[in-house]
Structure formats: C-alpha cells, structure tokens
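Reading through the structure tokens given below for one structure.
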Number of protein chains: 2
Amino acid sequence: MTPFTPASITDSLHRLPLFSGIPPHELAPLLPGVREFKVRAHEMLFQKGDSLRGIHVLVSGQAKLFMTTAQGTEKLLTMVKPGQAFGEAVVFLDRPCPVSAEATQDSTFLIVAKDVLLTMMDRNPVFARQMLASISMRLHELMSDMETCTLMNSLQRVVSYLSQQVPESEGPACEIRLDTSKQMLASRLNLAPETFSRALHHLAEGGVIEVSGRTIRVLDTQRLKTFQA
Amino acid sequence: MTPFTPASITDSLHRLPLFSGIPPHELAPLLPGVREFKVRAHEMLFQKGDSLRGIHVLVSGQAKLFMTTAQGTEKLLTMVKPGQAFGEAVVFLDRPCPVSAEATQDSTFLIVAKDVLLTMMDRNPVFARQMLASISMRLHELMSDMETCTLMNSLQRVVSYLSQQVPESEGPACEIRLDTSKQMLASRLNLAPETFSRALHHLAEGGVIEVSGRTIRVLDTQRLKTFQA
DNA sequence: GGACTTTCTTGATTTCGGTCAAGGTTTTCA
DNA sequence: TGAAAACCTTGACCGAAATCAAGAAAGTCC
C-alpha cells in the first residue's frame, strides 16, 4: 500500500496529464485540498444529483460514468482510466452532477478541492490553460459520441468504435482488448447487447475481424472502416 | 448600421456574458484581436473540418450549429442566440472543428482571436474562470441532449424539450414561441419531421397543449411533464 | 473440480419510428 | 395579389433494432 504522504501525493499528481505541465514544487499549494481515496470494485463514487467538492482523478483502477433512466437501466457514458480526471465541468459550474460514477475495479483516486484549484488557476496560467484543454477535450469526445449515436446505424457504430480502438500507424492487422464487458460496451454504443453481439458476428462472418472473448483481432483495418452490410 | 469603432466593439463585448465580468477599460488589450463580421441569412460561418482563428460571438441575429451525415442530411445541434459564444472548445484544442455553423438570419458576430484570449486569461483570472464556466455549461447542455436522445422515446423527447422552454415560476399555463421551423426542431430532437408532428398532435389531443403555427400554448405544465402515451 | 452465477449468443417476434406519398397550409416574392 | 416554393400534416407501409425466450459459454467460488 502506498504511504499517504505529501511527497507521494505530489508524485501522483505530477504523473497526471492535468498537472504534468507544472513543476512539482509548485504543486505544494494544492496539497491541503487533496484527499486520497481507495474504493473497492462496484462501490459508487457519486450519484447523479450530488454536488462535488472537487475534481476526481483516478490514480489506479477503473471507473465508469453513466446515466440512469427512470426505470433503473444504465447508459454507460465512458470508462475512466488511470490518469484521467472527471467532474471538472461540474465543479466549475456548481451544479448538481448530471451523471453517476462507480468503480469497476478496486481503485485509488484523488479529490482535488475546488478552492485550491481556483487558486492554482489564478496563480498559474499554464494550469488554467491545461484545465481548459481538458474540458474542451471532454466536449469533443462527447460531440463525437453524439455523432455516432445519432447519425449511424448499429453496425456503423460498432465499426466506428473498433476503428477508434485501433492503434495508430500499424500494419493492416491488430489486436484489440476490450476494457469492459460486451454488455457495457453495448450500452456505451447505445445498443441492446443482442444487437452488439449480432454486429460482431456479422463482421466476423464478413472476415474483417475474429472474436475470442474480450479479444478482437482486426484482420484488415481499411476494410473494417469501409465495411458495409 | 453600427459604426465599426473600438468604442462600439468594447461596448458590444461588455454586453456579452463572457466578458461582462470584466471592467470595460480592461477589454482594451482584446481589441487588436477582435473582428466584426456581418453575414446574411443562410450563409455558412464555417464548416466541419475548418480550423478556427478564434471564438465566435453572436451579437445579433441567429445561427445554427449542426453536423452533416455522409449522405448530406443535417443534424441540428443547437441554435445560437445573441450574446452566446461558440467555438471555444475548438480554439483551445487547436483541432479541426467537429461541427458546421450557418447563419439562419442576417447576423452580426465577432471573432476574438485565440492569442488575445490567451493573454487575457493569463492576466485576468476572473476571465479565465468565466471561460471555463462557459465551456462547462456547453458540456452540461450536451450531456442533457445526450440523455434525451438516448434514454427517451419520441414523445418523451418532445415533452422534455417543451418543458425546458417553459419559463420558471409561472402559473400552470404559458406560451412558447418556437425559435426555428418544426423540421429543424425535429432534427435537434433526433426525430423525423413526421414523428415530431405526430407527437405534437398527440399532446394536443391529450389536452395538454394547443398548437398554432410556431406558437405552442401549454395548458398545464405539470401534466405536460408527466404525460404518458 | 463441479455447482452456481453471470455473460454471451442465437432465434422468433414485436414495435417504434422512419420512409414514402399525397394533400393542405403558410410564406415568399415578383 | 397571385403563383411558386417551402413547410407541415396525415395516412399507409416498412424495416432496424428492441424485446422475449432459451440455451451455450465463461467466470467465480467453495
């Protein structure tokens, strides 16, 4: 277990994209507002409607952000990976949180309180820009999700997702390891699990991928992107 | 026609939510980076894929932000009203713009160049926060749209939209004036125009609204929100 | 290692909303 | 003012994806 010391926290912070542009010694003013939490898999971090005291940063483990319907079904928005922050937009608007968050693995995360963030932003323009870039990025991702969800059919959505997961500048083939269950991925793509399953089956039949559990082997990246019917 | 002078532009800027927190005399450093444009209805402001030199602020008129499918159909994202800024996230990320923008009425808008914005943010923490709040707001709106588009059926989407348009703290009844054509609204709600029309008809039959052209009279706000089938 | 649960797949059926088509209404503009 | 265009509504039909149902596969835990 990592010791819970100012030095270790400064170190954790410095490894995170959001703070990596800041020299470690300038991170000191943040420390009074940083708290470290450890949660077990399936524990809730916060719920829709909560107000957040600060931004959350996942240090290790995995979490999911999702919305819930009146009927209790979940719609996955995104998986959070180590190094990523979430809740920025909520904190800066002082509004109830529009989503819920839950750890999907045993996880460690930091909460950086709103007040120290604001002071840091005031003192350090580089950090302010970083913060802005981070939220802008989130906005772009959401736009992109909106695009897939509204303009594409089920097969195209799956193709689009897989294509995004393909690493850059590789040969025609590659292997993708899904980071969640297929039903959660289906939810993320706004599909019924059955539909997602059929889409994968269809792609496999067409000879562009091979599915084996959570591992998907893309045989031809180009053909995948242009796969029709 | 408004004269195109530093004084008039400072004045325009100061009226905008994004800059209203800044004393007018502090706006001076922005001026070299501000340009005013006038466009006629149906002129494009920019297209998906363009890179933007600065944020756009609509001074007067009306514009729309939308996405286009490969087949050329449009999906309306949002209507821009006077005082609103757009393109912030694009500017701060230095990425190609994910959406297209077009004036829907004769309009005047300002482009505030990226470099002067960044300098202003560095000098003026209040402005930096304002900028962050503005983008955060956009993110929240998009989340809310995502929620309606993915978790609700057609009727619920229309009900949700109308409910949002109802002014706060009023009696049970009120009148809503649609700010665009019904087909555009349909697109915004991710519905075929026919489906939108049928939804309104259905609500009118149920006695919760009365439709007359672009004016919709809500007879009972509460019943509207809980209207089923 | 075997029972239990959870996850995934496959087929049959249904349904919501899209598409097509046609008629009516409103707006635009000469 | 009147013709043309754009917009809206309504009905009939169709289809993509959800739901329902049941069985197979994989993961979990004594």
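All heavy atoms count here, side chains included; hydrogens, waters and symmetry mates do not. Order of the sequence lines fixes the chain letters, A, B, ..., with proteins taken first and strands second; residue numbering starts at 1 for each chain.
- Rounded to an integer number of Å, the gap from B/Leu178 CG to C/dT27 P is 13 Å.
- For a distance-only test at 3.5 Å, the side chain of A/Arg198 qualifies as a donor-acceptor partner of the base of D/dT19.
- For A/Ala192, taking side-chain heavy atoms from C-beta onward, the closest of the listed nucleotides D/dT19, C/dG18, D/dT10 is D/dT19.
- One can place NE2 of B/His202 at 15 Å from C1' of D/dT10, the figure rounded to the nearest angstrom.
- Between the side chain of A/Arg157 and the backbone N or O of A/Asn190 there is at least one donor-acceptor pair closer than 3.5 Å.
- Protein atom CG of A/Leu191 is 11 Å distant from nucleotide atom C1' of D/dA18, rounded to whole Å.
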Step-by-step salt bridge (Lys or Arg N to Asp or Glu O under 4.0 Å) determination, A/Lys38 to A/Asp106: CA-CA 7 Å; A/Lys38 288 190 183 291; A/Asp106 295 354; over 6 Å; no
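- Between A/Lys182 atom NZ and C/dT6 atom C1' there is a gap of 14 Å when expressed in whole angstrom units.
- Taking side-chain N and O atoms only, B/His201 has a distance below 4.0 Å to OP1 or OP2 of D/dT10.
- Of the candidates C/dT9, C/dG17, D/dC7, the closest approach to any side-chain atom of B/Ser181 belongs to D/dC7.
- Of the possible polar contacts, one joining the B/Ser107 side chain to the B/Gln62 backbone as a donor-acceptor pair under 3.5 Å is found.
- Rounded to whole Å, atom P of D/dT9 lies 13 Å from atom CG of B/Leu203.
- Nucleotide D/dG15 holds its P atom 18 Å from the CG atom of A/Leu155, rounded to whole Å.
- Comparing A/Glu194 and A/Asn153 by the nucleotide of DNA chain D whose heavy atom lies nearest to each, the residue mapping closer to the 5' end is A/Asn153.
- For C/dG18, the OP1/OP2 oxygens have a side-chain nitrogen or oxygen of B/Thr195 closer than 4.0 Å.
- A distance-only check finds a donor-acceptor pair linking the side chain of B/Lys75 to the backbone of B/Arg188 [under 3.5 Å].
- When rounded to the nearest whole Å, the span between CZ of B/Arg214 and C1' of D/dA6 equals 11 Å.
- Between B/Ser154 and C/dG17, a side-chain N or O to OP1/OP2 separation shorter than 4.0 Å is present.
- Rounded to a whole Å, the CD atom of B/Gln183 is 16 Å from the P atom of C/dT26.
- Of the N and O atoms on the side chains of B/Ser134 and B/Glu88, at least one donor lies less than 3.5 Å from an acceptor on the other residue.
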